[in-house]
Amino acid sequence: SEGILINDDWPGYRLDLFNYPAHYSGDLDCVIIPHGVIMDRTERLARNIMDDLGDHDIVVLCVLKGGYQFCADLVERIKALSRNSNHTIPMRVHFIRLRSYLNDQSTEDLHILGAEDLSFLAGKNVLIVEGIVGTGKTMETLLKHVEAFRPKMIKVAGLLVKRVQHSLACIPDYVGFEIPNRFVVGYALDYNEYFRDLNHICVISESGMKKYKV
Ligand SMILES: Oc1ncnc2c1N=NC2
């Protein structure tokens, strides 16, 4: 299912209407998704996920680094649902690292670190949690790798899905927001490791790209 649709002509919110770290002043263009909206959307995704996966042991596979904030908040909401219902299931969390971006370009060579032995996934309901899905190629590679360990079910939760020219290789089962094809940062999404300490999802400015270019 697609998420909240943010159109290409959406100007975003002015930065001076929000709080954000002073060390990033001048490096950002606008706030495209405020932190509070991310939290409310995540709360609803948690309910949808529990409706589909809540009948069997869940293993959450958090894709670092960009997925750590979304995963932490999503797991928090799932825990809240579990402690407020008489029907709950145990949930485990595992972390894997994908490296595929330098500056703002996806590189072809994908390294999956921490996914050597995923045999504990066999027979489990696996939820892969990613911060952003661009072309979907990375997610496609990861899915093939996870399928080899024969889980009972695999679902993908992506906070952001980018509208890119060619069709997406992999559309997540749970999408927070569908956004324009622009480079966004914040809420654990980085540009050369910067901006992970920003709580809103923002569009980086030209000067910000230059300032932190590798
Ligand atoms: O816009 C983005 N911002 C941060 N990281 C990534 C992006 N797209 N694919 C990976």
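- More than 12 heavy atoms of other residues, nucleotides or ligands shown are found within 6.0 angstrom of CZ on R97.
- Centroid-to-centroid, the aromatic rings of F18 and H200 come within less than 6.0 Å.
- Pairing each heavy atom of L53 with each of Y174, the nearest pair is CD1-OH, 3.4 Å.
- For the atom pair K211 NZ and N192 CG, the distance stands at 13.5 Å (nearest 0.5 Å).
- In this structure, CD1 on I78 lies 9.5 Å from CG on L45, to the nearest 0.5 angstrom.
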Show, in sequence, the C-alpha distance, side-chain angles and deciding distance for Y187 and D73, and conclude whether the side chain to side chain donor-acceptor pair (under 3.5 Å) test is met. CA-CA 11 Å; Y187 197 69; D73 291 330; 2.5 Å; yes
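- Within the 3.5 Å criterion, the main-chain N or O of G26 finds a donor-acceptor partner in the side chain of S207.
- Across all their heavy atoms, A157 and I49 have their closest contact at CB-CD1, 4.3 Å.
- Residue F149 places its CZ atom among more than 12 non-hydrogen atoms of other residues, nucleotides or ligands, all under 6.0 Å distant.
- For the atom pair D173 CG and I154 CD1, the distance stands at 10.0 Å (nearest 0.5 Å).
- Using a cutoff of 4.0 Å between basic side-chain nitrogens and carboxylate oxygens, R196 and E193 are scored as salt-bridged.
- Separating the CG atom in D29 from the SG atom in C202 is a distance of 9.5 Å, to the nearest 0.5 Å.
- Looking at every heavy atom in both residues, A46 comes nearest to R77 through CB-CB, 3.6 Å.
- A 6.0 Å sphere centred on CG of N19 holds no more than 12 heavy atoms belonging to other residues, nucleotides or ligands.
- Using a cutoff of 4.0 Å between basic side-chain nitrogens and carboxylate oxygens, D52 and K155 are not scored as salt-bridged.
- To the nearest 0.5 angstrom, C62 atom SG is 10.0 Å from F70 atom CZ.
- Checked for salt-bridge contact, K79 and E76 meet the test: a charged N lies under 4.0 Å from a carboxylate O.
- Applying the side-chain hydrogen bond (donor to acceptor under 3.5 Å, both in side chains) test to S25 and every residue at least two apart in sequence or in another chain returns nothing.
- A salt bridge links R163 with D8: the closest approach of a Lys/Arg side-chain nitrogen to an acidic carboxylate oxygen falls below 4.0 angstrom.
- For Y212 and F195, the distance between ring centers is under 6.0 angstrom.
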